[in-house]
**Student:** 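I am attaching a structure below and will ask some questions about it afterwards.
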Amino acid sequence: MSQSSQQYPAPERPYRLPALSPNTTQDAVVVVPGIMGSELYDVERDRVVWGLANTGWLLRAWTTPGGLRPLHLTPDEREGRLGRIRARRLLTTPAWSPVLRGVEPYTDLVATVTRSVAAPEAVLEFPYDWRLPVAVNARLLAAAARAHLERWRVDPAHTQARRHRVDEREGRLVFVAHSMGGLLVHAALGDGPDGEELARDTTRGCARSGRRSRGRPPPR
């Protein structure tokens, strides 16, 4: 075989990053659901106390006396001693229930967001215990969003996405919030020095000219 026709193997890489479309963003996204949009789990009793995936629980919750009593705040929780309830995930199953009627999950929303980012690791779903005050959940959101952005900025997919963009800037945070989730974002970005620091790394705006309560208005 002549030298000119000899084939050399390509250097091995840990994995191959997918090709990026022109619309791919280098930003990190945090999806914050609305009130009742997170599955709640009682770690002491080892059972779901709010969620739509289990039809048996849904039936008991709305048809038996005290079916929703586990959602009541306990005296310890009112005093700030938390840990009994853990928010495990965003709702993933559509269902019907009295008063609320149709309840839609966030599966399609998260899928659409994921198609717009450089890698699935850029998307953080933020379930939260919606029984608690906004201020409590806002502090948790601020900490989770900051950690998510720091992880994403050292991800190889973030580096590739930056090179793909004209300005090559570092990724920022983009919050996609629904209903009460917008209140959490607003509080998280304005809660003291930590919130101000987080706000500097955040892209802000209201989709579809939504209400101010859904988030801060876009800069003029």
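These numbers come from the heavy atoms of this one structure, side chains and all, not from hydrogens, waters or symmetry mates.
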**Student:** Please check if the number of heavy atoms outside D108 that lie under 6.0 Å from its CG is greater than 12.
**Tutor:** no
**Student:** Can you pull out every salt bridge (Lys or Arg N to Asp or Glu O under 4.0 Å) where at least one residue sits in residues 117-133? Sequence neighbours excluded, please.
**Tutor:** E77-R131, D129-R131
**Student:** Between CH2 of W130 and CG of N137, what distance do you get to the nearest 0.5 Å?
**Tutor:** 11.5 Å
**Student:** Could you tell me which non-hydrogen atom of P33 sits nearest to which non-hydrogen atom of Y128, and how far apart they are?
**Tutor:** O-OH, 2.8 Å
**Student:** Which residues pass the side-chain hydrogen bond (donor to acceptor under 3.5 Å, both in side chains) test with R151, sequence neighbours left out?
**Tutor:** none
**Student:** Can any side-chain N or O of W50 pair as donor or acceptor with the backbone N or O of M36 at less than 3.5 Å?
**Tutor:** yes
**Student:** Run the numbers on V117 and Q26 for side-chain contact (heavy atoms from CB on, under 4.5 Å), then give the verdict.
**Tutor:** CA-CA 6 Å; V117 297; Q26 72 269 50; over 6 Å; no
**Student:** With rounding to the nearest 0.5 Å, note down the distance linking OG1 in T25 to CZ in R165.
**Tutor:** 6.0 Å
**Student:** For residues A157 and A118, report the shortest heavy-atom separation together with the two atoms involved.
**Tutor:** O-CB, 3.9 Å
**Student:** With side chains defined as the heavy atoms from C-beta onward, is the minimum distance between V30 and V32 less than 4.5 Å?
**Tutor:** yes
**Student:** Given V176 and V29, is the side-chain contact (heavy atoms from CB on, under 4.5 Å) satisfied, shown in steps?
**Tutor:** CA-CA 7 Å; V176 178; V29 181; 3.8 Å; yes
**Student:** Which residues, ordered by chain and number, are linked to V136 in its hydrophobic cluster, where ILVMFWY side chains connect at heavy-atom gaps below 4.5 Å, directly or through other members?
**Tutor:** L73, L82, L132
**Student:** Report the C-alpha distance between D27 and W152 in whole Å, list the side-chain angles of each, state the deciding distance to 0.1 Å, and finish with yes or no for side-chain contact (heavy atoms from CB on, under 4.5 Å).
**Tutor:** CA-CA 9 Å; D27 292 330; W152 173 240; 5.9 Å; no
**Student:** The criterion is side-chain hydrogen bond (donor to acceptor under 3.5 Å, both in side chains); which residues satisfy it with R69, sequence neighbours excluded?
**Tutor:** none
**Student:** Whether the side chain of H164 engages the backbone of T24 through a donor-acceptor N/O pair (distance < 3.5 Å, no angle test) should be reported.
**Tutor:** no
**Student:** Is there a side-chain contact between L109 and L90 (heavy atoms, below 4.5 Å)?
**Tutor:** no
**Student:** Can the ring centroids of H178 and Y106 be said to lie less than 6.0 angstrom from one another?
**Tutor:** yes
**Student:** Does any non-hydrogen side-chain atom of V31 lie less than 4.5 Å from one of V123?
**Tutor:** yes
**Student:** To the nearest 0.5 Å, what is the distance between CE (M180) and OG (S38)?
**Tutor:** 9.5 Å
**Student:** Could you work out, with side-chain hydrogen bond (donor to acceptor under 3.5 Å, both in side chains) as the rule, every residue matching R153, not counting sequence neighbours?
**Tutor:** D201
**Student:** Does the side chain to side chain donor-acceptor pair (under 3.5 Å) test come out yes or no for T159 and R162, once each step is laid out?
**Tutor:** CA-CA 5 Å; T159 302; R162 286 185 65 185; over 6 Å; no
**Student:** Evaluate the criterion side-chain contact (heavy atoms from CB on, under 4.5 Å) for residue pair L141 and V185; output intermediate values, then yes/no.
**Tutor:** CA-CA 8 Å; L141 173 60; V185 173; 4.0 Å; yes
**Student:** Do you know which of D76, D42, L40 makes side chain to side chain contact (heavy atoms under 4.5 Å, CB included) with R84?
**Tutor:** D42
**Student:** Show your reasoning for whether salt bridge (charged side-chain N to carboxylate O under 4.0 Å, His left out) applies to R169 and D167.
**Tutor:** CA-CA 5 Å; R169 64 166 174 81; D167 57 3; 3.6 Å; yes
**Student:** Please name all residues satisfying side-chain hydrogen bond (donor to acceptor under 3.5 Å, both in side chains) with R88, sequence neighbours left out, ordered by chain then number.
**Tutor:** E39
**Student:** List the atom of A177, the atom of G182, and the distance in Å for their closest heavy-atom pair.
**Tutor:** CB-N, 3.5 Å
**Student:** Can you give me the closest heavy-atom contact between V49 and P70, atom names plus distance?
**Tutor:** CG1-CB, 3.6 Å
**Student:** Which pair of heavy atoms, one from P105 and one from L91, lies closest together, and at what distance?
**Tutor:** CB-O, 3.3 Å
**Student:** Roughly how far apart are T74 OG1 and E44 CD, rounded to 0.5 Å?
**Tutor:** 8.0 Å
**Student:** Closest heavy-atom contact between S179 and G34?
**Tutor:** CB-CA, 3.9 Å
